[in-house]
Amino acid sequence: MILADSQRAKQPRSHSKGWLFCMFAVLSLAACTREQASVQLSGVCMGTTWHVTYIEPPAGSDPAALQRGIEQRLEQVESSMSTYREDSEITRFNASAPHRWFEVSSDFYTVLSTAMVVGRESHGAFDVTVAPLVDLWGFGPGRVVDVPPEQELIAQLVSQVGQDNLRLDGESRAVMKLTELSLDFSSLAKGYAVDLVSLWLLEQGVGRFLVEVGGEVRLSGASGRGDPWRLAIEQPESGRRSIATAISLTDVAVATSGDYRNFFEVDGRRYSHSIDPRTGRPVEHDLASVTVVHPSAMLADAWATALTVIGAEQGMMVAQAQGLAVYFIRSSGGEFSSSHSAAFARYLDAAQ
């Protein structure tokens, strides 16, 4: 199994993503005499875990060397994008003054510019400037809160956030903020890390693999059985793990987002970690889980977050308009129902 979870009061928390979920391989990682030999590597990064399984290692390859190379790429992302590090690139940008150009790395610029595209295409449901609101609700790197903040304070922060308050200069690779705002890349940084590691493995001659960072997955080539990889999407139930459905796929990435593991309750009302940047409040609809399949893990990651905020009906319209392969699970009265976009159907069909 590829499992990633967090205890809300003890571990770094994210406002958005599927590393709070269970996205695990079915059969593909199980021991089986018919399967070809595989090598499994793993470690810890970005407040979560990572796993890599690869088949048919290149002649003369050294697993220890591959482990070091993977860790170097993950450290590259974390040192740039972790809000839990005082010396990270994003922490330094967040502390910088408005109206000053801040030169950034190519990794940082790629993630931010991608985030802004998804922000525009989702009509503001996705916004990496939402960090102050995430912190306000107790789901950021700061203190944990157990009561909703005052509406006046929410409204004040909503007026300050928004990607329209950012300016990007691609030629000099610099970013400027027009107000006192902070960025949070937790909704797509793990996906970017998956892409970075995957591309590096391909450069090393490793062509058949599963890369997972905090629940975001990218697959390449055939599984150990010689067919596409099989993954399971978890049923969004608090306190237990069960399978909602299985999918079969390769040469794509998968990300899942939802709100059933990271939340707090007050007087019987649940407040999710999924914050709508347009209202400044946790989402309250019945969409419990969103899975996105995309060639880019970074974009799968970002769109899973955006669609979780948008909700099932409007989210499906956006997914169809964007040609996205998505799988929705809704929860009402303890009962689950699912739906999927046309582009997702082939992955379900292949898994039957």
Side-chain angles (χ1 to χ4, degrees), residues 14-19 46 73-74 76-83 88-91 93-94 102-131 134 161-177 181-200 211 213-218 251-257 274-275 277-278 290-310 315 318-319 321-326 343:
S14 164
H15 70 284
S16 58
K17 283 319 300 166
W19 64 277
M46 304 172 74
R73 271 87 201 149
L74 295 174
Q76 176 180 329
V77 176
E78 189 161 13
S79 64
S80 173
M81 306 176 200
S82 173
T83 55
S88 71
E89 194 172 8
I90 196 169
T91 299
F93 174 81
N94 289 345
F102 186 95
E103 293 186 9
V104 298
S105 65
S106 59
D107 293 320
F108 191 106
Y109 193 89
T110 296
V111 170
L112 178 56
S113 57
T114 299
M116 294 185 71
V117 170
V118 177
R120 289 193 297 270
E121 293 177 346
S122 66
H123 306 291
F126 183 85
D127 195 323
V128 290
T129 71
V130 76
V134 174
V161 305
Q163 67 179 40
D164 289 343
N165 292 313
L166 290 170
R167 297 292 182 270
L168 276 64
D169 183 342
E171 186 173 343
S172 60
R173 211 168 60 202
V175 183
M176 180 170 63
K177 53 186 176 182
L181 57 75
S182 298
L183 300 178
D184 183 348
F185 288 166
S186 60
S187 55
L188 70 173
K190 288 183 289 293
Y192 181 74
V194 168
D195 288 334
L196 199 65
V197 169
S198 298
L199 292 174
W200 183 78
V211 173
V213 178
E216 322 304 358
V217 180
R218 184 162 166 172
D251 298 327
V252 290
V254 188
T256 295
S257 179
S274 298
I275 307 297
R278 300 165 297 184
V290 178
T291 297
V292 178
V293 177
H294 196 280
S296 162
M298 175 172 55
L299 280 167
D301 205 354
W303 273 112
T305 298
L307 296 172
T308 296
V309 171
I310 293 171
V318 171
Q322 294 289 330
L324 297 172
V326 302

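We use all heavy atoms of the structure for the numbers below, so side chains are in, but hydrogens, waters and symmetry mates are not.
Separation of atoms NZ (Lys177) and OG1 (Thr129) is listed at 11.0 Å; rounding is to 0.5 Å. Here the CG-CG distance, from Leu188 to Leu112, works out to 9.0 Å after rounding to the nearest 0.5 Å. We find the NZ-CG distance between Lys190 and Leu74 to be 12.0 Å, quoted to the nearest 0.5 Å. If you take CD1 on Ile90 and CD on Glu78, they are separated by 12.0 Å, rounding to the nearest 0.5 Å. Going from atom CE of Met176 over to atom CD of Glu103 covers 13.5 Å, rounded to the nearest 0.5 Å. In this structure, the separation between OG on Ser198 and CG on Asp251 is 10.5 Å, given to the nearest 0.5 Å.
Closest non-hydrogen pair, Pro277 versus Val130, comes out as CB-CG2, 3.8 Å. The two residues Glu89 and Ser80 have their closest heavy-atom pair at OE1-OG, 2.7 Å. The two residues Ala306 and Phe126 come nearest to each other via the heavy atoms CB-CB, 3.8 Å. Counting all heavy atoms, side chain and backbone alike, Ala343 lies closest to Gly323 at CB-O, 4.0 Å. Here the closest non-hydrogen pair linking Ala189 and Met81 is CB-SD, 3.9 Å. Taking all atoms of both residues into account, the shortest heavy-atom contact from Arg218 to Leu199 is NH2-CD2, 4.0 Å.
Of the options Val77, Val197, Leu299, Thr114, a side-chain contact (heavy atoms from CB on, under 4.5 Å) to Tyr192 is made by Val77 and by none of the others.
Residues Trp303 and Ser122 are in side-chain contact: their nearest non-hydrogen atoms beyond the backbone lie under 4.5 Å apart. Within the 4.5 Å cutoff, the side chain of Val161 has no heavy atoms near those of the Leu181 side chain. Side-chain atoms of Asp301 and Met298, non-hydrogen and from C-beta on, never get closer than 4.5 Å to each other. Considering only heavy atoms from C-beta on, Ser82 stays 4.5 Å or farther from Met46 through its side chain. Within the 4.5 Å cutoff, side-chain heavy atoms of Asn94 are placed close to those of Leu183.
A donor and an acceptor atom, one from each side chain of Ser186 and Asp184, are located under 3.5 Å apart. Side-chain N/O atoms of Asp195 and Ser296 include a donor and acceptor closer than 3.5 Å.
Distance alone, capped at 3.5 Å, is enough to place a donor-acceptor pair between the Tyr109 side chain and the Gly170 backbone.
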